[in-house]
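A note on names: the letters A, B, ... follow the listed sequences, proteins ahead of strands, and every chain is numbered from 1.
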Number of protein chains: 2
Amino acid sequence: MDWIEELGELALASRLRRLSERLARDASRIYADQSLDFEARWFPILSLLGGRPADSITSIAEALRLTHPAVNQLAGEMETRGLIRSVKDKQDDRKRLLELTPDGEKVREALQPIWEDIRAATREMISRSGSDLLTSLRETENALDRKNMYERVRGRINARLFRSIEIIDYAKSLRHRFRELNEQWLENGFQIEEADRRILEDPETEILAGDGVILFARLNDRIIGTCALRRIDSTSFELCKMAVDPMERGKQVGRRLAMSAISRAIYLRAGRLLLMTSPDLIAANGLYRSLGFTYVPDDEAPPVPYERSSYWLALDLNEGATRKLVEKSV
Amino acid sequence: MDWIEELGELALASRLRRLSERLARDASRIYADQSLDFEARWFPILSLLGGRPADSITSIAEALRLTHPAVNQLAGEMETRGLIRSVKDKQDDRKRLLELTPDGEKVREALQPIWEDIRAATREMISRSGSDLLTSLRETENALDRKNMYERVRGRINARLFRSIEIIDYAKSLRHRFRELNEQWLENGFQIEEADRRILEDPETEILAGDGVILFARLNDRIIGTCALRRIDSTSFELCKMAVDPMERGKQVGRRLAMSAISRAIYLRAGRLLLMTSPDLIAANGLYRSLGFTYVPDDEAPPVPYERSSYWLALDLNEGATRKLVEKSV
DNA sequence: AGCATTTACGTAAGTACTTACGTCATTATT
DNA sequence: AATAATGACGTAAGTACTTACGTAAATGCT
């Protein structure tokens with residue numbers, strides 16, 4: 001049984017590595033047969049330096065997509081063997097330029113026909129049927145250059161989580177969770193002030209009775225985040241008491257809650273959404289900015305009821321971009 | 001500049017490795033994000049053991065195409081982490097069977113959706129255009145299973161050397177080389193006997209004057225091997241004084257010389273080729289056998305003129321197989 | 001010109017495997 | 001039944017790279 005083949009796309013890296021080692025082992029044997037005292041791993045440097053002016057360590061590392069310590073090590077071995085020598089760069093005293101010695105050039109020429117044999121044998125092997133391995137590799141590398149694997153998978157994970165997070169309305173049974181989540185957040189650097197305490201103590205009076213809204217994010221029966229819309233006047237709400245379980249960070253819970261809140265505010269015929277933030281909340285501010293919130297100068301803003309250094313952001317709910325953003329996701 | 005891509009088929013192993021590491025790095029990041037204390041390299045074992053009876057170290061190693069110490073190490077880490085446990089095999093006391101703990105099963109289930117995301121993202125990436133990387137990999141692996149890279153390249157190198165070795169006739173200027181090569185060979189374990197000395201001293205009288213032939217193998221202006229045909233009677237020759245420069249072993253020089261000698265004997269209307277060998281010469285005997293030489297019982301053979309323990313082999317030159325073998329190569 | 005930043009290189013240590021080797025249990029052979 | 005050969009581990013050391021970090025030279029900034 002070959003479980004790695006069984007796993008297919010999932011174990012691609014293992015499979016690539018396996019094939020690479022198999023080929024590398026055989027290449028080593030071929031060079032060993034030549035009784036030339038030449039190591040397969042020296043090949044890229046020898047071929048790169050052949051018939052070309054001296055080149056620096058980092059420049060070689062870049063061309064071979066290796067790290068510079070790797071090139072440094074290989075260069076050391078090849079210098080000991082007498083294949084290359086290094087000279088100081090006249091212009092730049094940090095650089096050590098590598099070039100082939102006459103002996104190195106001789107070895108390169110001796111190996112050239114063998115390299116042609118390897119090339120021909122490989123070609124014959126990889127382009128047997130329709131699909132050519134080198135072409136597939138190039139295409140895969142290009143695809144990764146456009147968007148790496150991490151981003152591709154994260155995108156899918158986030159999309160999945162986004163779909164599986166449900167936004168639900170306030171219910172009496174959730175009051176303790178509203179408080180817990182917010183306290184957890186506030187304890188993390190901020191003091192709980194009187195204004196906070198009143199809302200958390202009795203959200204039904206402080207938020208809902210004033211024509212406000214409280215939303216919760218639910219993931220598999222667990223409430224992992226919350227936020228509230230507090231009525232300011234007939235055309236505006238304050239988005240506040242946004243809190244996400246610290247264990248669930250990075251799952252776009254905050255974005256999901258904010259977008260639902262915006263959509264609800266629009267539904268309630270509000271024209272403007274305000275919120276208060278402080279410069280320390282970097283992740284949160286990034287989210288707000290990406291949703292279209294902009295700074296409100298102090299003289300145009302409502303008074304700040306908290307003692308912590310804060311300022312207001314606002315979002316125009318009549319703007320087309322905002323309406324489209326929300327529609328798309330709901 | 002990307003020299004590895006430039007090299008194409010020649011640097012396939014490096015390229016595979018590079019891509020493998022790139023994918024592995026991203027996979028590690030994805031698992032790290034999950035705050036599950038799970039290492040990417042554990043994945044193959046976890047997935048293999050999932051929902052399956054306990055399995056032994058070597059059996060797992062085989063399924064994953066890893067060495068057993070690798071599996072042993074991974075198992076150690078996973079056991080410390082509490083993902084797997086090991087139980088003694090009832091039937092075989094050498095075996096340590098690995099199985100998932102309930103905790104391990106839970107982690108496996110938690111990761112399952114992420115694996116699906118990785119699978120989907122990989123699929124999207126590798127099968128962009130016509131050529132699918134996984135298909136190419138499978139085909140390449142199959143091609144290597146049929147004939148590995150070492151054999152493929154060796155075949156080409158040998159064929160190239162075979163073509164570049166020229167077989168030439170005796171000339172006065174080569175007499176010293178005929179002697180050198182044979183002395184080199186004889187010193188290597190055998191004593192130079194009187195019979196040898198006479199021939200090496202004066203091959204023109206001992207071989208050529210008696211209607212014999214001396215051939216040399218030339219590689220780029222260097223004489224690297226020789227052999228002789230000594231006339232026994234009107235229908236048979238002795239193939240003797242075959243010697244190849246020790247530095248040029250493994251290049252099929254001996255085969256090339258022997259085949260030329262056979263072809264020359266046929267041209268000279270001989271019906272039988274004899275040669276003397278001893279059981280110690282394993283490589284040479286392999287060559288003779290592969291050319292069709294067979295053992296001649298002592299009572300049918302000419303007397304043995306040397307003191308070393310020897311026997312005769314003979315080749316029927318009228319046989320179809322022999323004639324075809326020689327024709328093809330000349 | 002003076003200072004911070006960037007770049008080039010070297011060294012050390014880590015990584016995810018491998019090969020090499022030793023021990024003990026099992027199986028095959030005589 | 002004794003002995004040899006094979007198989008399953010476990011441990012140590014090697015491999016071909018990597019990341020991390022430190023130093024000195026070059027470059028950018030004010």
Heavy atoms under 4.0 Å, any strand shown: does B:R18 hit a base, just sugar-phosphate, or nothing?
nothing
Just grab all the salt bridge (charged side-chain N to carboxylate O under 4.0 Å, His left out) pairs involving residues 64-85 of chain A, residues at least two apart or on different chains.
A:D37-A:R81, A:R41-A:E77, A:R65-B:D2, A:E79-A:R96, A:R81-A:D103, A:R85-A:E99
Mutual orientation of the aromatic rings belonging to B:W115 and B:F43 [parallel < 30°, tilted 30-60°, perpendicular > 60°]
perpendicular
Taking salt bridge (charged side-chain N to carboxylate O under 4.0 Å, His left out) as the test, write out the residues that go with A:E62, two or more places apart.
none
Taking B:R138 first and then B:E141, would you say they form a salt bridge - that is, a charged N and a carboxylate O separated by under 4.0 Å?
no
What residues form a side chain to side chain donor-acceptor pair (under 3.5 Å) with A:S56, not counting sequence neighbours?
none
Go through the structure and list residues passing side chain to side chain contact (heavy atoms under 4.5 Å, CB included) with B:Q73, not counting sequence neighbours.
none
Can you pull out the residues from residues 61-74 of chain A that lie within a 4.0 Å heavy-atom distance of DNA chain D?
A:L66, A:T67, A:P69, A:A70, A:Q73
Which residues satisfy the side chain to side chain contact (heavy atoms under 4.5 Å, CB included) test with B:R119, sequence neighbours excluded?
A:E9, A:L10, B:E116
Results of side chain to side chain contact (heavy atoms under 4.5 Å, CB included) for A:R154 - residues two or more places apart only
A:Y150, A:I157, A:N158, B:D33, B:Q34
For DNA chain C, note the earliest and the latest nucleotide, 5' to 3', having some atom under 4.0 Å of a heavy atom belonging to chain B.
C:dA16 to C:dT26
Could I get the full list of side chain to side chain donor-acceptor pair (under 3.5 Å) partners for B:Y288, not counting sequence neighbours?
none
Tell me which residues in residues 7-15 of chain A lie within less than 4.0 Å of DNA chain C, going by non-hydrogen atoms.
none
Can you sort out the partners of A:N148 under side chain to side chain donor-acceptor pair (under 3.5 Å), two or more places apart, ordered by chain and number?
none
What are the atom names and distances for every N/O pair under 3.5 Å that joins the protein to nucleotides 23-28 of chain D?
from, atom 1, to, atom 2, distance (Å)
D:dA26, OP1, A:D93, N, 2.9

Of A:R25 and A:R96, whose closest DNA chain C nucleotide lies nearer the 5' terminus?
A:R96
Which pair of heavy atoms, one from B:R152 and one from A:E124, lies closest together, and at what distance?
NH1-OE1, 3.3 Å
Measuring to OP1 and OP2 of D:dC9, would you say a side-chain N or O of B:S56 lies under 4.0 angstrom away?
yes
Residues B:R108, B:E105: salt bridge by 4.0 Å N-O rule
yes
A:W3 ring centre to A:R15 NZ or CZ under 6.0 Å, with the angle to the axis within 45°?
no
